[in-house]
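Report on the following structure.
No hydrogens, no waters, no symmetry mates; every other heavy atom, side chains included, goes into these values. The model shown is predicted, which means the values in this text are computed figures rather than measured ones.
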Amino acid sequence: MAENETPSTEQAQAASGHAAEAKPVLNRKLLSETIDIIRQSLQADGGDVALIDCTDDGVVTLEMQGACAGCPLSTYDMSEGIERILKEHVPGVTRVQPAVL
């Protein structure tokens with residue numbers, strides 16, 4: 001770059017190490033389809049899960065229903081099971097949280 005040229009925003013960010021990372025856009029259709037697959041396993045045991053909300057920053061809010069609603073292991077199922085599966089199969093999911101009733 002010549003002495004009198006100013007660096008572009010991208011060049012300045014890259015040089016300073018602060019380049020913005022491109023976040024994948026959450027595919028809501030894929031999210032819903034993946035939850036439907038997970039739902040089949042829960043329904044086999046008398047439970048269910050409902051998608052309450054998903055934000056643009058990848059936070060998915062779910063409500064455990066049926067037998068899962070009162071199960072002491074539902075928190076574990078959500079964090080170690082459902083969250084892991086959604087993060088693995090749905091780009092853009094960053095976190096899964098239970099609905100606050």
**Item:** Pro91 and its side-chain contact (heavy atoms from CB on, under 4.5 Å) partner, picked from Leu30, Val25, Leu31
**Value:** Leu30
**Prompt:** How far apart are the C-alpha atoms of Ile82 and Met64, what are their side-chain angles, what is the distance that settles it, and do they pass the side chain to side chain contact (heavy atoms under 4.5 Å, CB included) test?
**Reply:** CA-CA 11 Å; Ile82 297 172; Met64 300 301 270; 4.1 Å; yes
**Request:** Side-chain contact test, heavy atoms from C-beta onward, threshold under 4.5 Å: evaluate it for Thr61 versus Val100 and give yes or no.
**Result:** no
**Request:** Indicate yes or no for a side-chain donor-acceptor contact from Arg39 to the backbone of Asp48 under 3.5 Å, with no hydrogens or angles considered.
**Result:** no
**Request:** Indicate yes or no: does Lys29 engage Glu33 in a salt bridge with an N to O separation below 4.0 Å.
**Result:** yes
**side chain to side chain contact (heavy atoms under 4.5 Å, CB included) between Asp56 and Leu26, intermediate numbers included** = CA-CA 7 Å; Asp56 290 336; Leu26 186 65; over 6 Å; no
**Asked** In Å and rounded to the nearest 0.5 Å, what is the CD to OG1 distance from Glu88 to Thr34?
**Response** 10.5 Å
**Complete:** Connected to Val59, directly or through other members, by ILVMFWY side-chain contacts below 4.5 Å are none
**Asked** Is a salt bridge present between Arg84 and Asp77, judged by a nitrogen-to-oxygen distance below 4.0 Å?
**Response** no
**Fill in**
In terms of heavy-atom contacts, Pro98 and Met78 come closest through N-SD, 3.5 Å
**Item:** Rounded distance [0.5 Å steps], CD in Glu80 versus CG in Leu73
**Value:** 12.0 Å
**Request:** Begin from the C-alpha positions of Arg95 and Glu83 and carry the test side chain to side chain contact (heavy atoms under 4.5 Å, CB included) through to its verdict.
**Result:** CA-CA 7 Å; Arg95 183 168 57 102; Glu83 182 175 60; 3.7 Å; yes
**Request:** Verify side chain to side chain contact (heavy atoms under 4.5 Å, CB included) between Leu62 and Ile52, making sure each step is shown before the conclusion.
**Result:** CA-CA 5 Å; Leu62 301 175; Ile52 302 301; 5.8 Å; no
**For the student: nearest non-hydrogen atoms of Cys68 and Gly47, plus distance** = SG-CA, 3.6 Å
**Message:** Quick check against the 3.5 Å criterion: does Thr94 have a side-chain atom that pairs as donor or acceptor with the backbone of Asp57?
**Reply:** yes
**Distance, nearest 0.5 Å, that separates NE2 of His89 from CG of Asn27** = 14.0 Å
**Fill in**
Rounded to the nearest 0.5 Å, the CD1 atom of Ile85 sits from the NZ atom of Lys87 at a distance of 13.0 Å
